[in-house]
**Q** 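Shown below is the structure under consideration.
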Amino acid sequence: MGCGASKGDRHDARNSPEERRDVPPAAGDPVASEDAPPAASVPRIVIRGHQLSQPCRSVQWYCRYAGLDVSIQYVDLGEGEHMMPAFLERHPAGQVPALEEGDFNLAESTAILQYLSCDDASMALETPHERARLNWYFAYHVSTVRQLTKACFELFLFAPPGGDDVSSGYEQIKPILQQFDAMLATQDYVLGPRLSLADFMFAPEIDDLAPLDLLAPYPHLVRYLERIAAVKGYPETHAGMADAVKELKEIKNWKPLDLAATPAADA
């Protein structure tokens with residue numbers, strides 16, 4: 001999948017192994033002031049986002065996986081920072097994640113992932129069929145997977161304490177869980193035998209359902225997430241998410257759904 005420019009035309013985002021630096025800590029950690037004078041050590045690419053956003057974590061995870069020299073900067077969605085004039089001037093849709101590189105701005109996690117991975121041989125797709133499958137997943141992710149997992153997780157986040165917060169959301173997403181559980185019974189990753197950008201999108205979405213005890217009927221999805229947890233950058237990117245959900249469950253006095261009444265599809 002082309003990126004529209006050669007390595008020489010755009011920047012060489014990937015550091016050589018001996019120069020590779022870890023991505024700065026995610027969400028909320030201090031970053032260099034925008035008013036500071038330019039320095040050789042200041043990354044050219046800025047990724048703006050929020051740790052609770054699954055698409056933001058997809059991009060942050062890829063940056064860590066690939067060893068990219070970027071600055072990850074926190075956007076306070078709760079305070080409406082993404083709707084402030086300074087943010088909207090560069091990103092009129094008011095969405096995160098958002099990429100900035102000099103005067104170049106880019107939104108949408110799938111577009112950002114494709115841009116960042118342009119020179120990444122490990123993510124290269126060699127055949128038209130492979131590229132078509134990735135394009136299919138990106139479209140399906142936006143139209144279906146993202147919408148349903150987002151609805152389910154947001155029901156948990158924003159519903160008042162008590163009751164079955166996510167029951168209606170789970171009923172919507174259950175066919176998707178069944179579909180991917182059956183798919184992952186015969187292959188290790190979303191598109192086949194090796195990791196791809198589709199996994200960088202899919203895994204953070206599904207992983208948010210695990211602390212809600214929604215994946216027990218789907219053994220192949222559980223094993224998939226175990227494989228993903230061993231991929232470089234994933235543990236650091238998702239550190240603290242399970243604990244945060246656990247704390248919220250206690251605050252809400254949340255009670256797990258009876259999944260025995262809603263079994264997974266026959267494998």
Side-chain angles (χ1 to χ4, degrees), residues 52-58 61-62 65 109-110 113 123 125 129-157 159 164-235 237-238 241-242 244-246 248-249 254-267:
L52 276 180
S53 162
Q54 294 93 341
C56 290
R57 278 181 274 131
S58 293
W61 172 27
Y62 178 76
Y65 166 83
S109 53
T110 54
L113 284 175
M123 292 292 114
L125 299 174
H129 288 178
E130 289 178 325
R131 291 190 287 274
R133 288 282 292 169
L134 179 61
N135 288 335
W136 160 78
Y137 180 75
F138 280 167
Y140 191 61
H141 183 93
V142 173
S143 69
T144 306
V145 176
R146 172 70 181 144
Q147 299 308 315
L148 295 183
T149 54
K150 182 173 181 285
C152 192
F153 194 65
E154 286 187 353
L155 279 172
F156 166 73
L157 285 179
D164 292 334
D165 297 348
V166 299
S167 55
S168 61
Y170 178 72
E171 286 301 315
Q172 294 181 65
I173 198 175
K174 186 169 64 172
I176 306 301
L177 299 177
Q178 293 170 346
Q179 173 190 355
F180 281 93
D181 192 65
M183 180 189 301
L184 292 164
T186 59
Q187 60 195 48
D188 285 345
Y189 298 100
V190 170
L191 297 186
R194 67 186 183 93
L195 190 73
S196 73
L197 293 181
D199 298 288
F200 283 90
M201 293 300 299
F202 179 69
E205 295 283 345
I206 300 301
D207 202 356
D208 276 353
L209 304 180
L212 301 181
D213 310 310
L214 298 180
L215 297 184
Y218 309 98
H220 306 298
L221 273 173
V222 172
R223 285 195 286 272
Y224 167 78
L225 289 177
E226 290 171 351
R227 285 191 293 274
I228 290 294
V231 176
K232 181 183 175 184
Y234 194 83
T237 302
H238 290 78
M241 280 300 297
V245 172
K246 180 179 178 181
L248 275 174
K249 286 165 67 176
W254 185 80
K255 297 185 173 45
L257 300 182
D258 181 8
L259 300 184
T262 54
D266 294 337

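Side chains included, hydrogens not; waters and symmetry mates left out as well; all remaining heavy atoms used.
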**Q** When rounded to the nearest 0.5 angstrom, what is the spacing between CZ in R227 and CG in D188?
**A** 4.5 Å

**Q** My understanding is that only residues two or more places apart in sequence, or in another chain, count here; which of them pass salt bridge (charged side-chain N to carboxylate O under 4.0 Å, His left out) with D208?
**A** R57

**Q** With sequence neighbours left out, write down each residue that passes side chain to side chain donor-acceptor pair (under 3.5 Å) with E154, or none if nothing qualifies.
**A** K150

**Q** With a 4.0 Å cut-off on N to O distance, would you call R133 and E130 a salt bridge?
**A** no

**Q** Could you tell me the separation between the CG atom of L221 and the CG atom of D181, rounded to the nearest 0.5 Å?
**A** 5.0 Å

**Q** Taking only residues two or more places apart in sequence or in another chain, which ones pass ring-ring contact (aromatic ring centres under 6.0 Å, His included) with Y137?
**A** H141

**Q** Work out which heavy atom in L52 is nearest to a heavy atom in M241; give both atom names and the distance.
**A** CD2-CE, 3.8 Å

**Q** Look up atom NE2 in H129 and atom CG in L134, then write down how far apart they are to the nearest 0.5 Å.
**A** 14.5 Å

**Q** Between S58 and M201, which heavy-atom pair has the shortest distance, and what is it?
**A** OG-CA, 3.6 Å

**Q** Picking from F180, F138, Y189, what satisfies ring pair (Phe, Tyr, Trp, His ring centres under 6.0 Å) with F202?
**A** F180

**Q** Once side chain to side chain donor-acceptor pair (under 3.5 Å) is applied, do any residues pair with T149, and if so which ones, sequence neighbours excluded?
**A** E205

**Q** Listed by chain and number, what are the ring-ring contact (aromatic ring centres under 6.0 Å, His included) partners of F200, not counting sequence neighbours?
**A** W61, Y62, Y65

**Q** Evaluate D199 against V231 for side chain to side chain contact (heavy atoms under 4.5 Å, CB included), listing each step before the verdict.
**A** CA-CA 11 Å; D199 298 288; V231 176; over 6 Å; no

**Q** Which heavy-atom pair separates A229 from P235 by the least distance, and what is that distance?
**A** O-CG, 3.3 Å

**Q** If every non-hydrogen atom of I228 is compared with every non-hydrogen atom of A203, which pair is closest and at what distance?
**A** CG2-CB, 3.8 Å

**Q** Evaluate the criterion side chain to side chain contact (heavy atoms under 4.5 Å, CB included) for residue pair V145 and I173; output intermediate values, then yes/no.
**A** CA-CA 8 Å; V145 176; I173 198 175; over 6 Å; no

**Q** Parallel, tilted or perpendicular: which fits the ring planes of H238 and Y234, with parallel below 30° and perpendicular above 60°?
**A** parallel

**Q** Quick one: closest heavy-atom pair of P217 and P219, and the distance?
**A** O-CD, 3.3 Å

**Q** Can you confirm whether P55 sits close enough to R146 that some side-chain heavy atom of one is under 4.5 Å from a side-chain heavy atom of the other?
**A** yes

**Q** How long is the span from the OH atom in Y170 to the CG atom in L214, to the nearest 0.5 Å?
**A** 6.5 Å

**Q** Looking at every heavy atom in both G169 and L155, which two are closest together, and how far apart are they?
**A** N-CD1, 3.4 Å

**Q** Applying side chain to side chain donor-acceptor pair (under 3.5 Å), can you list everything that pairs with R223, at least two apart in sequence or on another chain?
**A** H220

**Q** Rounded to the nearest 0.5 Å, how far apart are CG of L197 and CG of L191?
**A** 9.0 Å

**Q** Nearest 0.5 Å, what's the CG-OG1 distance between D207 and T237?
**A** 11.0 Å

**Q** Verify side chain to side chain contact (heavy atoms under 4.5 Å, CB included) between F156 and V245, making sure each step is shown before the conclusion.
**A** CA-CA 9 Å; F156 166 73; V245 172; 3.9 Å; yes

**Q** Taking atom types as modelled, find out whether Y140 and Q179 have a side-chain donor-acceptor pair closer than 3.5 angstrom.
**A** yes

